[in-house]
Amino acid sequence: MPTLTLIDGSGFIFRAYHAIPHLSTTKGIPTNAVYGFTNMLLKALREHAPTHVALVFDAGRRSFRHDIDPEYKANRPEAPDDLASQFPLVRDVARALNVPVIEEPGFEADDIIATLAGRARAAGWEVVVVTGDKDFAQLVDGGLSLYDPMAEASGRGGWTGPAEVEKKMGVRPEQVVEYQSILGDKIDNVPGIAGVGEVTAAALIRHFGTTEAMLARPGEIPAAVSRGGEKLRDKVVANAERIRTNRRLVALRRDLDLPFAPEAFGRRPPDQERARALFSELEFSRLVKELPPPPPTARAETPETIDGRAALDAAVAALVQAGGPVGLLPVLGEGPPRTAPLVGLAFAGAGRAFYLPLGHRYLGAPAPLAPADVREGLRPLVEAALPLHAHELKAAAHALARLGLARSGPGEDTELMSRLLLPTRREHALVDVARERTSCELPRNPADGAKRGAPGLEGLEVERVAAWAGACAASLPDLAAKLAEGLEAERLSPLYREVERPLVPVLVEMERTGILVDRGAMEGMSAEFGRSMQDLEARIHAAAGHPFNVASTRELAQVLFVELELPVVKRLKTGPSTDQDVLEKLAEQHALPRLVLEHRSLSKLKGTYVDALPQLVDPADGRIHTTFHQAGAATGRLSSSDPNLQNIPVRTELSRRIRQAFVAPAGARLLSADYSQIELRILAHYSDDPGLLQAFRDREDVHTRTAAETFGVPPEQVTPDQRRIAKVLNFGIAYGLSAFGLSQRLDLPPSEAQGIIDRYFTRYAGVRRYIEWAVEEARAKGESRTLFGRARTMPEIGARNPALRNAAERTAINTPIQGTAADIVKIAMIRVHDALAQERRAARLLLQVHDELVLEVPERELAPVEALVRREMEGAARLKVPLEVQVGHGQTWAEGH
DNA sequence: TGACACACGTAC
DNA sequence: GACGTACGTGTGTCAA
């Protein structure tokens with residue numbers, strides 16, 4: 001027997017919109033309603049597996065009900081913009097899933113559903129109406145039930161049959177219309193009778209059966225209800241016409257003259273390709289994963305596996321001769337790209353793809369070519385002037401470097417390009433980027449999703465890896481072209497061409513060079529810190545009266561707030577906080593918190609740095625090689641990991657000892673050059689604030705100047721405390737500091753903090769204008785940009801939730817400043833690197849720490865390299881104020897400051 | 001045992 | 001809820 005599922009599409013869009021507060025793509029397209037709707041639709045299809053299905057929408061805002069009562073649905077506001085924009089997307093989803101859509105101008109979805117359901121029932125079909133609207137209860141019978149996937153998801157039972165109707169409403173399904181005529185419907189602006197609720201309405205209908213019977217025999221009303229019958233009778237009689245009107249409004253029409261029959265809605269399987277493309281575009285990554293994998297569309301002309309020097313020479317010659325762009329894909333095992341096992345190398349162009357196995361390790365794996373043959377065989381390709389594209393060029397360059405080859409020719413980095421286009425997205429895997437930009441479905445990485453202990457890529461057969469890697473390499477030329485168009489369209493090409501792309505070889509060299517560490521010093525500190533911690537731990541246990549795990553915030557909270565009964569200063573989700581601020585306050589009342597602070601400090605330094613760093617020293621050269629992430633941060637800053645060398649401690653005396661373990665080799669010095677107040681200078685530039693501009697042009701102490709302006713005293717009378725406050729203010733302004741934040745930080749009353757901020761903005765009106773401009777700009781354009789055109793989308797800038805919106809506004813204030821600083825430092829790195837090469841210096845860039853560059857410089861080059869670095873850094877950008885650089889050098893990184 | 005969230009802390 | 005951007009460690013919980 002056929003089964004028909006009818007889905008109340010309009011109802012669900014609104015419900016999904018309100019149930020899911022905020023969801024948007026990284027480009028800022030709102031998707032909350034379409035996401036909820038899609039989930040609902042998929043769930044409904046999964047649950048019922050109907051033979052026939054249709055999705056029904058309202059079309060137009062008027063129906064026959066408006067002629068009956070002009071007030072009908074008059075309370076319904078226009079859909080907000082961020083919902084209306086999703087209506088077409090919902091139809092796209094339906095199309096992709098091959099679900100027929102019905103909408104008939106002048107008819108409401110409810111009546112269409114009622115009519116179709118009636119016809120299907122008459123033919124003996126079973127019907128399910130997927131809805132959350134109780135109005136449909138009037139349709140329920142033995143073969144028609146209602147299903148609400150959202151109610152079921154929240155555990156409230158999603159199915160409604162005759163028994164459920166009677167239980168919930170107190171009347172039988174065929175009485176629902178009568179019942180609702182009395183009760184009205186708030187949502188549709190159908191008024192009920194004042195003072196008559198669900199219980200009374202149900203009692204009346206149980207007694208009379210219909211409203212007409214009730215209106216014919218009002219005398220029986222007092223007997224039908226438990227109390228207040230006299231008054232109720234008068235109200236019903238007075239509202240007789242209202243009840244009759246309501247009946248015409250709430251009764252669903254089952255007799256519409258529709259030009260289609262249920263038979264037309266036979267179910268078809270989803271259009272996989274379309275669904276995949278759409279869900280990817282909408283960034284529904286979970287739903288993409290749930291779709292069965294499609295057949296790969298990338299026809300990389302079965303890659304040729306290279307089995308000898310002659311084959312390699314022929315392949316390379318063919319590609320060099322063709323002269324077109326070549327895609328390069330190193331196949332790497334686990335670990336950072338600089339050292340990960342090099343399993344093989346795929347390269348493709350001119351319609352051909354090749355795979356060169358280099359490190360497959362399994363029984364019967366073919367022996368790789370001799371290293372010299374690999375190197376010399378690849379050399380003509382690597383040294384050719386043709387473009388060589390890669391998805392993460394830095395990793396490809398590391399791979400080539402390990403084969404003894406240096407690449408300096410042209411070529412795009414498709415990962416970097418994709419990251420510039422979507423800087424807040426974390427993952428930019430090639431298969432995803434290729435699907436999105438070129439609609440090409442690459443084969444899955446054969447090692448992906450493997451369980452731990454299962455062989456990685458190096459344990460897989462050459463042919464399997466070749467098929468995958470060859471297809472990936474072959475996709476790169478087209479993809480690079482598409483991404484270049486995207487960058488052009490988003491006005492990001494100059495940033496990519498002049499800053500990001502040229503930075504790649506600089507970072508490759510920095511990672512390869514690494515920084516020398518004094519392992520002995522680290523290991524000595526480890527033992528020393530360990531002893532101090534043990535000593536502190538004993539004293540902490542004594543103060544508590546019993547041993548406990550000092551590192552456990554939960555156990556510590558138990559000791560502090562339950563056993564010692566100290567006051568709770570700050571609460572977190574899971575209980576009272578024990579962070580530094582809290583312990584500082586508690587230290588005024590008890591000795592234990594101070595000891596814990598000391599213990600924490602040592603534990604942090606030992607665990608994060610002193611113990612971890614020596615393990616990451618490369619035994620080959622005694623140096624630590626971090627990995628820089630060129631577009632890992634949303635603002636454009638670099639980040640660093642494995643290890644993170646951008647958060648090595650500097651502030652306390654003890655922590656400076658860690659910097660002392662970063663050293664220069666004999667005959668060389670570490671040189672540290674950092675931009676002075678770069679972010680504040682950028683704020684001066686953006687804001688055009690005369691006071692701020694003047695402070696930098698006159699090379700004044702900017703914090704003292706701010707203090708003088710804010711507190712209304714001459715600069716020479718600024719007290720250290722006033723300067724301290726001004727410093728916090730100067731740092732905080734660019735982050736969107738609030739009075740609350742300032743009061744917390746300075747331990748002042750909020751009113752006083754507010755006064756300081758008010759005075760600051762009076763003196764620095766330009767800064768206030770910058771803040772307003774930054775927020776307004778982000779709201780108008782949906783993105784923030786840096787001076788060099790780097791863009792970051794701001795999807796939540798228009799959010800109705802004030803917390804989300806405020807956070808987005810602070811981001812909009814900060815991003816142009818932090819991002820412009822990042823741009824300038826990147827430009828400086830390229831300039832310094834190029835100038836060192838130009839002057840044939842042996843000095844090398846080692847690290848970048850946001851506003852600081854660290855170099856290793858042979859002693860004899862110190863003076864000229866210091867001048868070079870200062871010149872190139874200060875000249876990296878021309879702002880309305882000069883850029884200043886402070887340089888220091890010494891045997892260790894600590895002395896460089 | 002591994003994956004994950006949380007709290008915390010380091011840098012700029 | 002309250003100041004932006006990162007990464008790493010240890011604890012604790014949950015599921016396999």
Side-chain angles (χ1 to χ4, degrees), chain A residues 423-424 426 451-453 548-557 570-583 596-597 599-613 616 626-629 631-652 654-655 658-659 674-675 677-680 683 728-746 750 753-754 757 771 774 784 792 801-819 821-822 825 847-852:
Chain A
T424 43
R426 295 243 149 212
K451 293 197 169 57
R452 258 182 63 88
F548 68 98
N549 183 353
V550 181
S552 164
T553 52
R554 271 184 53 161
E555 291 185 35
L556 178 61
K570 184 160 50 166
R571 284 194 187 282
L572 301 168
K573 275 186 238 177
T574 55
S577 168
T578 66
D579 71 15
Q580 217 167 67
D581 274 5
V582 170
L583 295 181
V596 173
L597 281 168
H599 186 274
R600 283 244 181 104
S601 164
L602 286 166
S603 157
K604 177 74 178 180
L605 296 177
K606 185 171 186 292
T608 307
Y609 304 105
V610 171
D611 287 347
L613 292 175
L616 291 157
T626 185
T627 301
F628 287 108
H629 306 280
T635 52
R637 273 189 177 183
L638 294 185
S639 72
S640 152
S641 70
D642 309 294
N644 180 357
L645 292 185
Q646 291 181 321
N647 71 347
I648 302 300
V650 69
R651 296 186 208 283
T652 67
L654 192 63
S655 66
I658 293 171
R659 290 208 173 203
D674 64 86
Y675 280 110
Q677 309 290 0
I678 188 166
E679 295 199 354
L680 219 42
L683 178 61
V728 173
L729 214 44
N730 275 334
F731 281 117
I733 287 301
Y735 298 151
L737 180 70
S738 68
F740 178 90
L742 188 68
S743 75
Q744 285 287 299
R745 188 142 299 224
L746 296 172
Q754 187 62 58
I757 290 179
I771 289 174
S784 294
R792 175 182 186 179
N801 175 340
L804 281 178
R805 190 178 58 243
N806 290 340
E809 290 178 357
R810 289 192 296 274
T811 303
I813 295 164
N814 178 255
T815 294
I817 297 175
Q818 188 181 123
V825 180
L847 302 177
Q848 186 254 45
V849 192
H850 308 311
D851 67 353
E852 172 188 9

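In what follows, chains are A, B, ... by sequence order, proteins preceding strands, each numbered from 1.
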Does a side-chain N or O from A/Thr578 land closer than 4.0 Å to OP1 or OP2 of B/dA7, or not?
no
Which pair of heavy atoms, one from A/Ile771 and one from A/Ile813, lies closest together, and at what distance?
CG2-CD1, 3.6 Å
Check the distance between C/dG8's C1' and A/Ile648's CD1 and give it to me in whole angstrom.
11 Å
Would you say a side-chain N or O of A/Thr635 is under 4.0 Å from OP1 or OP2 of C/dG4?
no
A/Leu556 CG to C/dG10 C1': how many Å, rounded?
14 Å
State whether A/Ser601 places a side-chain N or O below 4.0 Å from either non-bridging phosphate oxygen (OP1 or OP2) of B/dG9.
no
Nucleotide nearest A/Arg659 when distance is taken to its side chain, options C/dT5, B/dC12, B/dG9
B/dC12
Would one find a side-chain N or O of A/Asn549 under 4.0 angstrom from OP1 or OP2 of C/dT11?
yes
Roughly, in whole Å, what's the span from CG in A/Asp581 to C1' in C/dA2?
14 Å
Return no unless some side-chain N or O of A/Arg651 is found under 4.0 Å from OP1 or OP2 of B/dT10.
no
Quick one: is A/Lys573 getting a side-chain N or O under 4.0 Å of the B/dC6 phosphate, OP1 or OP2?
yes
Nearest nucleotide by nearest heavy atom, which residue falls closer to the 5' end of DNA chain C, A/Ala803 or A/His850?
A/Ala803
Minimal non-hydrogen separation, A/Gly736 against A/Arg810, with atom names:
O-CD, 3.5 Å
With both distances under 3.5 angstrom, what nucleotide forms a Watson-Crick or G-U wobble pair with B/dA7?
C/dT9
Would one find a side-chain N or O of A/Gln646 under 4.0 angstrom from OP1 or OP2 of C/dT5?
no
What distance do A/Ile678 atom CD1 and A/Asp851 atom CG have between them, rounded to the nearest 0.5 Å?
7.0 Å
Taking the P atom of each, how far is C/dG1 from B/dC6, in whole Å?
14 Å
Does A/Ser603 reach a base, just sugar-phosphate, or nothing at all? Heavy atoms under 4.0 Å.
nothing
OP1 or OP2 of C/dT5 sitting under 4.0 Å from any side-chain N/O of A/Arg637?
no
Whole-Å gap separating C1' (C/dA2) and CD1 (A/Ile757):
11 Å
Hey, does A/Arg805 reach any base, or is it just sugar-phosphate, or nothing, if we go heavy atoms under 4.0 Å?
nothing
Could you tell me whether A/Ala821 contacts a base, only the sugar-phosphate backbone, or nothing, with contacts defined as non-hydrogen atoms closer than 4.0 Å?
nothing
For C/dG12, does OP1 or OP2 lie under 4.0 Å from any side-chain N or O of A/Ser552?
yes
Base, sugar-phosphate or nothing for A/Glu679? Non-hydrogen atoms, less than 4.0 Å.
nothing
Does the side chain of A/Arg600 get closer than 4.0 angstrom to OP1 or OP2 of B/dA7 through an N or O atom?
no
Euclidean distance, atom CG of residue A/Asp674 to atom C1' of B/dA11 [Å, nearest integer]:
13 Å
Output the single nucleotide from C/dG10, C/dG12, B/dG9 whose closest atom is nearest the side chain of A/Arg554.
C/dG12
Nearest 0.5 angstrom please: A/His629 NE2 to A/Asn644 CG, how far?
8.5 Å
Taking any heavy-atom pair under 4.0 Å as a contact, classify A/Asn647: base, sugar-phosphate, or nothing.
base
Tell me what A/Ser743 touches on the nucleic acid: a base, only sugar-phosphate, or nothing, going by heavy atoms under 4.0 Å.
nothing
Where do A/Glu555 and A/Phe548 come nearest, in terms of heavy atoms and distance?
OE1-CB, 3.4 Å
Does A/Ser639 have a side-chain nitrogen or oxygen under 4.0 Å from the phosphate oxygens OP1 or OP2 of C/dC7?
yes
Hey, mind stepping through A/Asn647 and A/Tyr609 against side chain to side chain contact (heavy atoms under 4.5 Å, CB included) and telling me if it holds?
CA-CA 10 Å; A/Asn647 71 347; A/Tyr609 304 105; 3.5 Å; yes
Check against side chain to side chain contact (heavy atoms under 4.5 Å, CB included), A/Leu638 and A/Val825:
CA-CA 10 Å; A/Leu638 294 185; A/Val825 180; over 6 Å; no
Whole-Å distance between B/dC6 P and A/Leu572 CG?
11 Å
For A/Asp642, report the nucleic acid contact type (base, sugar-phosphate, nothing); a contact means any heavy atom under 4.0 Å.
sugar-phosphate
Minimum-distance nucleotide (side-chain atoms of A/Arg426 versus B/dC6, C/dA6, C/dG4)
C/dA6
Tell me: CZ of A/Phe548 to P of C/dT11, nearest whole Å?
13 Å
Distance in angstrom units between A/Leu638 CG and C/dA6 C1', rounded:
11 Å
